[in-house]
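Remarks on the structure that follows.
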Amino acid sequence: MQRKDLRNLAIIAHIDHGKTTLVDGLLRQAGVFRAGQEVVERVMDSNDLERERGITILAKNTSVRFGETTLNIVDTPGHVDFSSEVERILGMVDGALLVVDAFEGPMAQTRFVVKKALQTGLVPILVVNKIDRPDARPQAVVDEVLELFIDLDAEDHQIEFPVIFASARQQVASLSPDGPFESLQPLYETILEHIPCPEGDPEAPLQLLVSNLDYDEYVGRLAIGRVVAGEVRPGKSVCFGSEGGALRKGRIGQVLGYFGLERRPVESASVGDLVALTGLSEVGLGETVTEVDNPCLLPGLEVEEPTLAMTFLATDSPLSGRDGRYVTSRHLRERLFREAERNVGLRVQETDSPDAFEVCGRGELHLSILLETMRREGYELSVSAPRVLTRVVDGVLHEPIEDLTLDIPEEYLGAIMERVGERRGELVAMTGSGTGRLRLEFSIPARGLVGFRSECLTLTRGYGVMNHLFSGYGPFRGEIARRNRGSMVAGESGPATTYALTNLQDRGVFFIEPGEQVYTGMVVGEHCRPNDLDVNVCKKKHVTNMRSSTAEETVRLDTPRRMTLEQALEFIGDDELVEVTPSHVRLRKAILDPHMRLKAKKDRQRLEEAG
């Protein structure tokens with residue numbers, strides 16, 4: 001049976017190409033918002049972090065009505081670190097709006113999402129967005145997308161995709177780059193014409209694949225997915241599980257459908273409907289909700305493996321417990337495993353220590369967003385420096401390799417080439433010569449990208465644009481030198497004094513201000529030399545009756561360098577940790593005691609000499 005009154009589609013694109021802004025326009029012109037209602041920009045980015053950073057982190061569902069047809073729309077992230085969000089929702093939809101910038105054209109993440117959409121068999125519609133840019137080149141971008149489809153071995157019917165030219169910000173679209181541009185009506189009509197209707201047997205046993213999980217304070221866990229076959233009603237007894245695992249029984253509480261930005265209870269849901277189910281408190285991602293008497297399981301979710309790992313530890317800092325509510329390893333363990341249940345791209349493993357957990361993700365941003373979320377929830381913890389996950393293939397060590405794309409002004413080419421070369425990157429292609437800007441494509445180890453984003457912005461005076469995409473595993477390319485300066489480490493506990501900082505500021509750059517509480521083993525600055533230096537930043541001026549000839553001179557302290565969470569993760573070495581609390585981001589040595597730290601360093605050197 002075909003549901004001609006329904007269409008399911010995802011909006012996929014590279015970061016900042018206008019997906020969420022386009023959803024805003026679709027919602028407004030479908031009449032979701034009442035007259036005079038105050039609506040924020042990028043209404044689908046409901047998470048605080050999404051609004052602050054201007055990126056989509058979590059895939060979200062919405063629904064609009066066009067005539068007699070319901071359009072279920074899934075907005076997806078554009079950043080490569082959250083690509084697992086894209087992978088898991090593609091099975092919920094039958095088609096995809098591929099949004100591409102009218103100037104930039106297809107970028108790194110565009111290639112990834114197109115590859116996944118083609119593998120899933122989705123019907124694509126190309127939306128060339130930002131057509132109102134003065135430097136737009138719509139026809140050239142269409143040709144580049146066509147070349148991308150051919151390069152990815154798309155089938156004939158997928159290559160013959162319809163093209164819409166749009167400006168999401170102005171909420172207009174047209175079938176021609178020259179217009180007319182009046183509304184998004186051409187986009188609605190193209191969706192109805194080309195996105196296939198959902199098909200399935202409503203009389204067959206129930207099959208619903210759980211593609212997303214949410215939580216509500218009142219009803220608990222919500223299982224979100226698409227009804228593949230059968231019908232689901234409130235109060236229905238079901239079982240759920242995955243292939244190769246035991247089936248568990250449960251009873252559905254409410255069946256919630258999507259109406260604009262709201263979820264409302266419905267009497268039933270049939271083939272093709274996207275719904276949220278309550279009452280199944282133990283259901284997991286990738287599991288099938290099916291009949292008790294005749295269980296029919298669907299294939300589970302498949303996502304690419306993580307490439308980066310960090311160790312999360314319960315903090316043993318002398319200042320622990322002053323800011324946060326959750327400081328023990330039990331709290332940390334519960335929170336991490338709860339995150340792993342709903343974040344399909346994350347892996348959490350226990351270690352030999354009950355206070356440490358290995359957390360694996362897709363990249364620095366993926367893990368730093370988790371850390372930022374946890375600190376805002378009131379957690380205190382320490383984390384190690386990021387490290388890549390290697391594997392051995394035929395006796396040879398392999399590491400994750402990334403395709404790096406840089407858009408930079410021509411005058412910074414030499415500095416960028418030098419830095420990427422130091423990080424074991426290899427130039428693959430260079431285009432745009434003579435236009436003032438260059439697009440450089442590199443093959444680079446994933447560990448070479450740790451800390452490179454901020455360095456790229458510094459080298460290009462903020463004009464560089466960096467994107468990267470996981471390419472695969474390749475032979476290990478050799479050691480990469482980390483930072484060439486050591487740390488200044490506090491040797492005493494107490495408040496930092498202006499007197500001590502003034503006398504020590506010639507030794508390097510400080511991360512702290514006078515009066516700030518420090519403890520033994522805390523990293524308080526960056527040394528100007530390669531070695532670590534123990535310093536006493538708590539030293540007070542000796543008070544006497546004698547007056548100095550320089551007593552009246554004004555003391556001028558250099559401005560301390562304040563680090564964000566991402567900058568701190570990029571800065572720390574292998575023997576250092578970042579201490580994360582709701583109010584502070586501190587750097588510290590993994591071993592706080594200076595004598596134990598020196599002993600551990602000597603033991604490490606002795607092992608290296610022997611091995």
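Below, all heavy atoms of this structure are taken into account, side chains as well, without hydrogens, waters or symmetry copies. Computed from a prediction, not measured in an experiment: that's the story for all the values here.
Within a 6.0 Å radius of NZ in K116, more than 12 heavy atoms belonging to other residues, nucleotides or ligands are found.
Not a single donor-acceptor pair under 3.5 Å links the side chain of E358 to the backbone N or O of V348. Side chain of R221 to main chain of V283: a donor-acceptor pair is present (N/O by atom type, distance under 3.5 Å, no hydrogens or angles). Between the side chain of S176 and the backbone N or O of D178, at least one donor-acceptor pair lies under 3.5 Å. Looking only at distances, no side-chain donor or acceptor of S167 sits under 3.5 Å from a matching main-chain atom of V172. Side-chain atoms of D273 do not come within 3.5 Å of backbone N or O of V227 as any donor-acceptor pair. Looking at E418, its side chain never comes within 3.5 Å of a backbone N or O of A415 through a donor-acceptor pair. Counting only distance, with no hydrogens or angles, the side chain of R424 and the backbone of I480 share no donor-acceptor pair below 3.5 Å.
E410 and R437 are not joined by a salt bridge, as no carboxylate oxygen comes within less than 4.0 angstrom of a charged side-chain nitrogen. R226 has a carboxylate O that lies under 4.0 Å from a charged side-chain N of D94, or vice versa, which qualifies the two as a salt bridge. Under a 4.0 Å N-O distance rule, the pair R137/E144 qualifies as a salt bridge.
For the pair Y463/I408, no side-chain contact is recorded, criterion being any heavy-atom separation below 4.5 Å from C-beta on. Counting heavy atoms from C-beta on, the side chains of R477 and E426 come closer than 4.5 Å.
For R391 and Y473, the positive end sits near the middle of the six-membered ring, less than 6.0 Å away and at most 45° from its axis.
Under 3.5 Å, the side chains of D403 and H468 contain no donor-acceptor pair of N or O atoms. If you check the side chains of R439 and T431, you find no donor sitting under 3.5 Å from an acceptor. Under 3.5 Å, the side chains of E566 and S368 contain a donor-acceptor pair of N or O atoms.
In this structure, P386 and V450 approach most closely via the heavy-atom pair CG-CG1, 4.4 Å.
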Inset, instruction - Show your reasoning for whether side chain to side chain donor-acceptor pair (under 3.5 Å) applies to R65 and T70. - result: CA-CA 5 Å; R65 293 281 297 178; T70 299; 2.6 Å; yes

Inset, instruction - Carefully, step by step, assess H14 and D101 under the rule side chain to side chain donor-acceptor pair (under 3.5 Å). - result: CA-CA 9 Å; H14 185 78; D101 189 291; over 6 Å; no

Legend entry - Pair Y188-E193, side-chain contact (heavy atoms from CB on, under 4.5 Å): steps then yes or no: CA-CA 9 Å; Y188 284 116; E193 181 180 350; over 6 Å; no

